[in-house]
Amino acid sequence: MTRHRKVPRNDSSGGGEIFGGNISIFSHPGRSHGNVNTRYLDDREYIAAHNYILFNCPEVAPYTEIFINQLWEHNPHITSVEVDRCLESNFAIWFKHYAQDPSLVPNEYIRDISFGPLRSVKSVPIYYVNGYKFHTREYGADKSTFNSGVCIKWSNFSETFIDYFGIVEEILIVEYPHFPAKKTVLFKCEWFDPIINVGTRIHPRYNIVEVNKRKRFRVYEPFVLAMQAMQVYFCNYPSLKRDKVDWLVVCKVKAQSLIELPQTPMSHQEPFQDDIPTHLNDISTEDIPTHLNDESGIEVDLDDDDGTPEEEIEYESEEDGSSQTEDSNNCGDDPYNSSD
């Protein structure tokens, strides 16, 4: 039997790993492709990656709320800006100590997340996720298609609900310590400035989103989870006007459709069609003619019910008898049988 090896276009299955802890960042489907290179995160990258994963992992969100409540209890007058700063600088350390108590954090996979990822990461040029095929900027530089544009609807941690648009610089496979192996994928991106009317603007009538290619996001937050990514591409305006030359139009890419099959076994599914049809069309024979006339004028009777098999057999026997009589008469004219 032939084994089909061809993978469907933009198929992202096979990359995600599912564990007993059922942690979303470890179980989201995805598939890497291309040459794998190993490198180490520097201190700044490591802190940014660790914080981003903590603040965007749904299973860690309840512990983030506990930390914020403790801040309010100790300082009721603390501002939201100060809370954000405390989260960025202190939450990772607090959570690492808090999660060591199994009675407080019973899920062992969440306890592993609290330790932070390994500094050694794997870099790949291509990643399939969410029905998209992403390239790094370097890998796609000589390609005819642009697969490096990325959009994040908003950060789960940020209070400002604005979209972020950028370009994928690196695709990193991040692993966490302790058995079993737990991996997630980060996109390291260069972001355009998301501030409205500064680095991003929206057309008031047509809702066309534009980004300024000369403006960059000043905050160092380069990482996003691959599971959050949507794909976009950027188009130049066909105009040399000053108000258009620095702006790019954001175009969304439609994800490759995925068909979800039902989980119920086929043997237990209801049939799509009844075995016994309930509505049958009745055929009427009343309007069918019993006599037909051919072109020679001979009338043909289609009604054979009046005759019986015995009559037909008798008729055939009569024909046979007459033919034998004719043959015997013809024998009397044989030229070799003459009498004087």
### From CA spacing to verdict: side-chain contact (heavy atoms from CB on, under 4.5 Å), K252, V209
CA-CA 10 Å; K252 295 182 179 179; V209 180; over 6 Å; no
### Query
Linking I/L/V/M/F/W/Y whenever their side-chain heavy atoms sit closer than 4.5 Å, directly or via other members, would I167 and V253 fall into one cluster?
yes
#### Entry: Residues in salt bridge (Lys or Arg N to Asp or Glu O under 4.0 Å) contact with D112, at least two apart in sequence or another chain
K182
### Message
On a heavy-atom basis, which atom in P177 and which in G116 lie closest, and how many Å separate them?
### Response
CD-O, 3.4 Å
### Test applied, side chain to side chain contact (heavy atoms under 4.5 Å, CB included); reference residue, C57; option that passes from T184, T64, I23, I110
I23
### Task
Using ring pair (Phe, Tyr, Trp, His ring centres under 6.0 Å) as the criterion, point out the one residue from W247, Y164, F234 that pairs with F192.
F234
### Query
So how far is it from C251 SG to Y233 OH, rounded to the nearest 0.5 Å?
4.0 Å
### Query
Any idea which heavy atoms bring Y63 and P106 closest together, and the distance?
OH-CD, 4.2 Å
### Query
What are the two closest heavy atoms between F134 and A229, and how far apart are they?
CZ-CB, 3.9 Å
### Message
Looking at H74, I want to see if its NE2 is surrounded by more than 12 non-hydrogen atoms of other residues, nucleotides or ligands under 6.0 Å.
### Response
no
### Nearest heavy-atom neighbours spanning V198 and D193
CG1-OD2, 3.8 Å
### Message
Just to verify, what does T38 make a side chain to side chain donor-acceptor pair (under 3.5 Å) with, not counting sequence neighbours?
### Response
none
### Closest approach of C189 to V150 (non-hydrogen atoms, all atoms of both residues)
SG-CG1, 3.8 Å
### Query
Side chain of Q100, backbone of K96: donor and acceptor closer than 3.5 Å?
yes
### Task
Measure the CD1-CG distance between I195 and N212 for me, rounded to the nearest 0.5 Å.
12.0 Å
### Message
Checking E175 against S120 for the side-chain contact (heavy atoms from CB on, under 4.5 Å) test, could you report, in this order, the C-alpha distance in whole Å, the side-chain angles of both residues, the deciding distance, and whether it holds?
### Response
CA-CA 8 Å; E175 187 172 351; S120 175; over 6 Å; no
### Query
If Ile, Leu, Val, Met, Phe, Trp and Tyr residues are connected whenever their side-chain heavy atoms lie under 4.5 Å apart, and connections chain through other members, are M230 and L186 in the same group?
yes
### Query
Can you find a pair of side-chain heavy atoms, one from V185 and one from S32, that are under 4.5 Å apart?
no
### Query
Can you name the side chain to side chain donor-acceptor pair (under 3.5 Å) partners of R39, sequence neighbours left out?
E45, E170
### Task
Just do the side-chain contact (heavy atoms from CB on, under 4.5 Å) check on L225 and Y52 with the steps written out, would you?
CA-CA 8 Å; L225 289 164; Y52 188 86; 4.2 Å; yes
### Message
Looking at N35, I want to see if its CG is surrounded by more than 12 non-hydrogen atoms of other residues, nucleotides or ligands under 6.0 Å.
### Response
no
### Message
As an exercise, state the distance from NZ of K183 to NZ of K122, rounded to the nearest 0.5 Å.
### Response
4.5 Å
## Note on the structure
On a heavy-atom basis, the closest approach of H28 and V129 is CD2-CG2, 3.8 Å
### Query
Under a 4.5 Å cut-off applied to non-hydrogen side-chain atoms, are P117 and H50 in contact?
yes
### Task
Taking the side chain as every heavy atom from C-beta outward, state whether F165 and L248 have any pair of such atoms under 4.5 Å apart.
no
#### Entry: Y176: ring-ring contact (aromatic ring centres under 6.0 Å, His included) partners, not counting sequence neighbours
F26
Going by atom type alone, with no hydrogens or angles, which donor-acceptor pairs under 3.5 Å involve a side-chain atom of residues 139-147 and a protein atom two or more places apart or on another chain?
from : atom 1 : to   : atom 2 : distance (Å)
T145 : OG1    : N147 : OD1    : 3.0
N147 : ND2    : K133 : O      : 3.0

### Task
Might you confirm whether atom CZ of R216 has over 12 heavy atoms from other residues, nucleotides or ligands at distances under 6.0 Å?
yes
### Query
V224 versus W191: any side-chain heavy-atom pair under 4.5 Å?
yes
### Same apolar cluster (I L V M F W Y, side chains within < 4.5 Å links), F115/L54
no
### Message
When you group the ILVMFWY residues by side-chain heavy-atom contacts below 4.5 Å and let the links chain together, are Y220 and I152 in the same group?
### Response
no
### Query
Looking at the rings of F91 and F67, which for Trp means the six-membered one, are their centres under 6.0 Å apart?
yes
### Query
Out of curiosity, F95 CZ to I66 CD1, how far, rounded to the nearest 0.5 Å?
9.0 Å
### Task
Kindly indicate whether the side chain of S148, heavy atoms from C-beta on, has any atom under 4.5 Å from the side chain of F187.
no
### Y40 atom OH: more than 12 heavy-atom contacts under 6.0 Å
no
### Query
For atom CD of E138, is the number of surrounding heavy atoms from other residues, nucleotides or ligands below 6.0 Å larger than 12?
no
### Query
Should R137 and E190 be marked as a side-chain contact (heavy atoms from CB on, under 4.5 Å) after you check the CA-CA gap, both sets of side-chain angles, and the distance that decides it?
CA-CA 10 Å; R137 185 207 293 263; E190 183 180 32; 2.6 Å; yes
### Message
Using the ring-ring contact (aromatic ring centres under 6.0 Å, His included) criterion, which residues pair with H33? Sequence neighbours excluded.
### Response
none
### Task
Scan side-chain atoms only and decide if N56 and Q228 contain a donor-acceptor pair under the 3.5 Å cut-off.
yes
### Same cluster (ILVMFWY, side-chain, under 4.5 Å), W72 and W94
yes
### Query
So, do E59 and Y109 sit near enough that their side-chain heavy atoms are less than 4.5 Å apart?
no
### Message
If I take atom CD1 from residue I78 and atom CG from residue D84, how far apart are they, to the nearest 0.5 angstrom?
### Response
9.5 Å
### Task
Could you tell me whether a side-chain N or O of N75 sits under 3.5 Å from a main-chain N or O of L71, the two making a donor and an acceptor?
no
### Query
Should I25 and M227 count as side-chain neighbours, where that means a heavy-atom distance under 4.5 Å?
yes
### Task
Before accepting this row, confirm whether a basic side-chain N of the pair E169/K188 lies closer than 4.0 Å to the acidic partner's carboxylate O.
no
### Task
Starting at CG of N90, measure out to CZ of R85 and round the result to the nearest 0.5 Å.
12.5 Å
### Query
Between N130 and Q231, is any pair of side-chain heavy atoms under 4.5 Å apart?
no
### Query
Is the closest basic N to carboxylate O distance between D43 and R119 below 4.0 Å?
yes
